[in-house]
Amino acid sequence: MSKAKRDRTAKARQIVEAQKAADRRRRVTLWTSVTVVLVLFVAGLVGYTVMAGRDEGELVTPASAVDESTAFAVGTGPVTVDIYEDFMCPICNNFEQSSGETLTRLAADGTITLRYHPVSILDRASNGTRYSTRSAAAAAAAAEEGKFTEFHDVLFANQPEENSSGLSDEKLVELGKSVGLTSETFATAVDEGTYETWVTQATETFSKRDYNGTPTIVVDGERLTGPEDSVPTTELLTQTIEKAAG
Amino acid sequence: MTKEKAWPWISTAARAGLAAVWLIAGGLKVGDLAASARAVHAYQLMPYDVAKVVGAVQPFLEIALGVLLLIGLSTRLTAAISALLMTIFIAGIVSAWARGLQIDCGCFSSGGALAAGTDTRYGIDIVRDLGFLALSGILLWRPRTRFSLDGVLMGER
């Protein structure tokens with residue numbers, strides 16, 4: 001074999017090798033890409049299935065709840081004021097401290113219908129004890145005994161720190177007792193979390209109404225905020241209510 | 001070390017970093033899909049029922065991407081998808097910022113509306129996401145990495 005021929009053969013072999021390698025790369029790229037797409041599709045599907053199949057437990061709706069069973073009403077005045085609150089939310093507590101009394105008075109003198117919507121959006125802030133859900137469910141139990149406002153106020157007065165474990169069920173029952181919720185029914189409802197599924201549902205309705213944070217204050221169907229999306233002051237709130245009352 | 005030898009190592013670091021980003025981001029959200037839905041909804045870009053699906057699917061996608069990057073399967077494609085998602089996230093944050101929404105980006109948490117008086121931190125969030133976009137860019141440009149399934153399948157040593 002001449003040197004020239006040997007060179008040619010070597011070159012040909014190189015070309016074939018290179019083609020084989022390129023083929024392999026193409027094949028590997030194709031199949032890995034297909035695999036990646038499949039894996040991501042399945043992952044998405046898992047997420048969807050988990051969401052759709054979330055076990056929500058038995059729904060017990062408090063009979064005293066109004067407005068698609070999401071709220072507890074105080075007073076019967078012509079102007080409706082809706083307050084969406086999470087018992088773990090410090091800003092809600094501030095709002096209650098500053099405007100709570102005024103609202104209670106306006107409800108008592110027949111100017112407004114005050115509707116409290118307990119929601120649970122801060123469950124993550126209580127070390128896994130889901131204080132937002134538990135406290136809202138307890139408030140529903142209190143409402144069933146006609147003592148929503150009393151229990152609501154005592155919950156805010158005893159609000160736990162965010163990212164603490166929240167108040168225990170025993171403590172919730174104890175606070176209930178302090179405002180006259182002495183029945184066995186109330187204690188059992190708190191212990192068993194009877195209204196927890198209802199809280200989840202009410203929170204869903206809150207989201208469906210395109211509200212995101214707490215407190216959300218709505219006067220006659222119109223969301224009320226201060227400048228830059230802040231919580232309205234008592235003054236602004238009173239003015240808005242007076243205007244709505246005409 | 002020459003440049004050609006350094007790149008696979010740089011890309012490997014980028015791959016590991018991006019994998020960690022996705023695993024952490026997804027892991028922090030996967031436990032509370034309802035909160036994840038609310039975080040998506042807080043951007044006010046879609047009705048709640050759509051946000052619910054996006055909020056449920058997203059953490060699982062993030063975890064899957066993290067795993068795929070970790071094992072190094074089809075690195076260029078997973079980097080491209082990462083870059084696409086980061087771009088969408090950045091666009092979302094910019095739009096929330098532009099509209100003056102007071103929200104947490106929900107990038108590494110359940111997000112949602114901010115408590116009153118808390119400052120938004122859109123600038124930092126965008127810069128951070130740009131950093132992650134850069135990691136994806138490195139991998140798109142130089143997808144060859146060490147310790148990857150791609151390498152094994154391609155017959156590289």
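Chain letters run A, B, ... following the sequence lines, proteins first and then strands; every chain starts at 1.
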Legend entry - Passing candidate, side-chain contact (heavy atoms from CB on, under 4.5 Å) with A:T35, options B:L73, B:L149, B:L68, B:L77: B:L73

Inset, instruction - Evaluate whether atom CZ of A:R209 has more than 12 neighbouring non-hydrogen atoms of other residues, nucleotides or ligands under 6.0 angstrom away. - result: yes

Legend entry - chain B contact via A:R54 - side chain, backbone, both or neither, heavy atoms under 4.5 Å: side chain

Legend entry - From OH (B:Y48) to CZ (A:F206), nearest 0.5 Å: 10.0 Å

Inset, instruction - Could you check A:R24 against B:L153 for side chain to side chain contact (heavy atoms under 4.5 Å, CB included), going step by step and ending with a plain yes or no? - result: CA-CA 9 Å; A:R24 178 172 179 171; B:L153 293 169; 5.7 Å; no

Inset, instruction - Kindly check if the number of other-residue, nucleotide or ligand heavy atoms within 6.0 Å of CD (A:Q239) is above 12? - result: yes

Inset, instruction - Side chain from CB out, backbone as N, CA, C, O: work out which of these in A:T203 comes under 4.5 Å of a heavy atom of chain B, or both, or neither. - result: side chain

Legend entry - Listed partners of A:F151 passing ring-ring contact (aromatic ring centres under 6.0 Å, His included), at least two apart: A:F186

Inset, instruction - Select one option (side chain, backbone, both, neither) describing which atoms of A:F41 are under 4.5 Å from chain B's heavy atoms. - result: neither

Inset, instruction - Counting only heavy atoms closer than 4.5 Å, note whether A:T225 contacts chain B via side chain, backbone, both or neither. - result: neither

Legend entry - Winner by heavy-atom pair count (cut-off under 4.5 Å) against chain B, out of A:S207, A:C89, A:G213, A:A43: A:S207

Inset, instruction - Go through B:A51, B:A37, B:A34, B:G31 and name the one with the most non-hydrogen pairs under 4.5 angstrom from chain A. - result: B:A34

Legend entry - B:Y122 atom OH, neighbour heavy-atom count above 12 within 6.0 Å: yes

Legend entry - Interatomic spacing from CG in A:N212 to CZ in B:R38 - rounded to 0.5 Å: 10.0 Å

Inset, instruction - Working to the nearest 0.5 Å, report the span between CD1 of A:I121 and CG of B:D32. - result: 11.5 Å

Legend entry - More than 12 heavy atoms of other groups within 6.0 Å of A:E101 CD: no

List, one per line, each side-chain donor-acceptor pair under 3.5 Å for residues 52-61 of chain B, sequence neighbours excluded.
| from | atom 1 | to | atom 2 | distance (Å) |
| --- | --- | --- | --- | --- |
| B:K52 | NZ | A:E204 | OE1 | 3.2 |
| B:Q58 | NE2 | B:E62 | OE2 | 2.9 |

Legend entry - B:L65/A:V39 under side chain to side chain contact (heavy atoms under 4.5 Å, CB included): CA gap, chis, key distance, verdict: CA-CA 9 Å; B:L65 268 178; A:V39 167; over 6 Å; no

Inset, instruction - Please report the shortest heavy-atom distance between B:L33 and A:G47, naming the atom on each side. - result: CD1-O, 4.3 Å

Inset, instruction - Would you check if the side chain of B:R76 reaches a backbone N or O of A:T29 as a donor-acceptor pair within less than 3.5 Å? - result: no

Legend entry - Atom pair CZ/CG of A:R124 and B:L28 - distance to nearest 0.5 Å: 11.5 Å

